[in-house]
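Below: the structure, in structure tokens.
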Number of protein chains: 2
Amino acid sequence: MNIGQAAEAAGLPAKTIRYYEEIGLIKPGRNANGYRAFTAKDIHNLAFLARARALGFSIEDCRALLALYEDTSRASADVKRIAQRHLDEIEAKILQLREMRDTLANLVDACRGNHRPDCPILASMSGGRTDT
Amino acid sequence: MNIGQAAEAAGLPAKTIRYYEEIGLIKPGRNANGYRAFTAKDIHNLAFLARARALGFSIEDCRALLALYEDTSRASADVKRIAQRHLDEIEAKILQLREMRDTLANLVDACRGNHRPDCPILASMSGGRTDT
DNA sequence: GCTTGACCTTCCAGTCACAGGAACCACTAA
DNA sequence: TTAGTGGTTCCTGTGACTGGAAGGTCAAGC
């Protein structure tokens, strides 16, 4: 299977697949003409990576998860630890974004949005409090 | 005022302030010895930038907001438009992260996290559905 | 006057996860 | 033969900094 079909099958851009090979996430074989040759297992691993990335795992987490996936003597505790840490980071990010959103929503709401220059948004960023 | 005190006053690392000058966000003067010389207005603008960045505005948004801030004949509608667009992006990001979190929380919850290899997290990323 | 240490300068490299594009090679159909 | 599609490598750019090297400047203490 060439990279085009592999990309189609895994739902990843060919560019991304080349990048994953470059950083050693996958190691497809090569045809005589120099083209990458993807096996069904390669495709499966690429799809695994695509799903892990869609869940927001970093490339290094993906590397670790894929290694665990291929290690049938793994302990699920190792997988869970990685996932839990990532989940904590997502929660933290959500909290941070919610604070931004609440502040910003208040400011946008307070701004008349007309032709006049007075603006609570600018006032807030210029020394006013950011939470009103 | 040297960059150290400016950093202290604005709540930004000196490195960041140099970077802001490099990309033309601020234009502090120079002393005879080559050191940057920050006026009270420079400090004020830096603090403005720090607050805008803390609200998640991109550097280019910050550039536009600072220009509007310094333009006393601005229309608050221009400010509001930038803020509203940013707010929309934050909302979208929150929704995306919430989906990740919900999926991931279910998976983490379902994983025993013991010494055995069976793991719903890996099962999900290996072709199972991501929403269970 | 000299040294020490804190502070300043510029410049270069690295981060993360790719994306865009140039220049070139391989294969297929008409 | 030619055109078109798809593959290859290599280099650059992204955002917003951060770390570090190599060196200049200043104030204080001896």
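To find a chain, count down the sequence lines: A is the first, B the second, and so on, and within it residues start at 1.
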Problem - Which residues share a side-chain hydrogen bond (donor to acceptor under 3.5 Å, both in side chains) with B:Ser73, sequence neighbours left out - result: B:Asp71
Problem - Heavy-atom neighbours of B:Glu89 CD exceed 12 at 6.0 Å - result: yes
Exercise for the section: For DNA chain C, determine which residues of residues 24-48 of chain A have any heavy atom closer than 4.0 angstrom to one of its atoms, and list them numerically. Expected result: A:Asn33, A:Tyr35
Would you tabulate the side-chain donor-acceptor contacts of residues 54-68 of chain B under 3.5 Å, counting partners in other chains and residues two or more places apart, or write 'none'?
| unit_1 | atom_1 | unit_2 | atom_2 | d |
| --- | --- | --- | --- | --- |
| B:Ser58 | OG | B:Glu60 | N | 3.4 |
| B:Ser58 | OG | B:Asp61 | N | 3.0 |
| B:Glu60 | OE1 | B:Arg63 | NE | 3.0 |
| B:Glu60 | OE2 | B:Arg63 | NH2 | 3.2 |
| B:Asp61 | OD1 | B:Arg85 | NH2 | 3.2 |
| B:Arg63 | NH1 | B:Ile23 | O | 3.0 |
| B:Arg63 | NH2 | B:Ile23 | O | 3.1 |

Handout entry: Atom-to-atom span, CZ of B:Arg18 to C1' of C:dT9 - whole angstrom
Key = 7 Å
Handout entry: Minimum side-chain heavy-atom gap B:Lys27-B:Glu21 below 4.5 Å
Key = no
Handout entry: Closest heavy-atom pair and its distance - A:Ala10, A:Ala47
Key = CB-N, 4.0 Å
Fill in the blank from the handout: Interatomic distance, NZ@B:Lys93 vs CZ@A:Arg101, rounded to 0.5 Å, equals 15.0 Å
Handout entry: Validation row: B:Leu25, B:Tyr19 side chains within 4.5 angstrom (heavy atoms)
Key = no
Fill in the blank from the handout: So the contacted stretch of DNA chain D, first to last nucleotide with an atom under 4.0 Å from a non-hydrogen atom of chain B, runs from D:dA16 to D:dC26
Practice task
Take the C1' atoms of the five end pairs on each side of the helix from C:dG1-D:dC30 to C:dA30-D:dT1, get both axes, and report the angle to 10 degrees.
Solution key: 30°
Exercise for the section: Answer whether the closest heavy-atom distance between the side chains of B:Glu8 and B:Met1 falls below 4.5 Å. Expected result: no
Problem - Length of the CG-C1' vector between A:Asn2 and C:dC25, whole Å - result: 14 Å
Handout entry: Reading 5' to 3' through nucleotides 12-20 of chain C, protein heavy-atom contacts under 4.0 Å coded B for base, S for sugar-phosphate only, - for none
Key = -----BBSB
Problem - Taking every non-hydrogen atom, the tightest pair across A:Pro120 and A:Cys111 - result: CD-CA, 3.7 Å
Exercise for the section: Rounded off to whole Å, could you give me the CE-to-P distance for the B:Met1 and C:dC8 pair? Expected result: 11 Å
Problem - B:Glu70 vs B:Asn45 side-chain heavy atoms within contact, under 4.5 Å - result: yes
Handout entry: Residue pair A:Leu12 / A:Arg53, side-chain heavy-atom distance below 4.5 Å
Key = no
Handout entry: Side chain B:Asn114, main chain B:Arg116, donor-acceptor under 3.5 Å
Key = yes
Problem - Any donor-acceptor pair under 3.5 Å from B:Asn31 side chain to B:Asn33 backbone - result: no
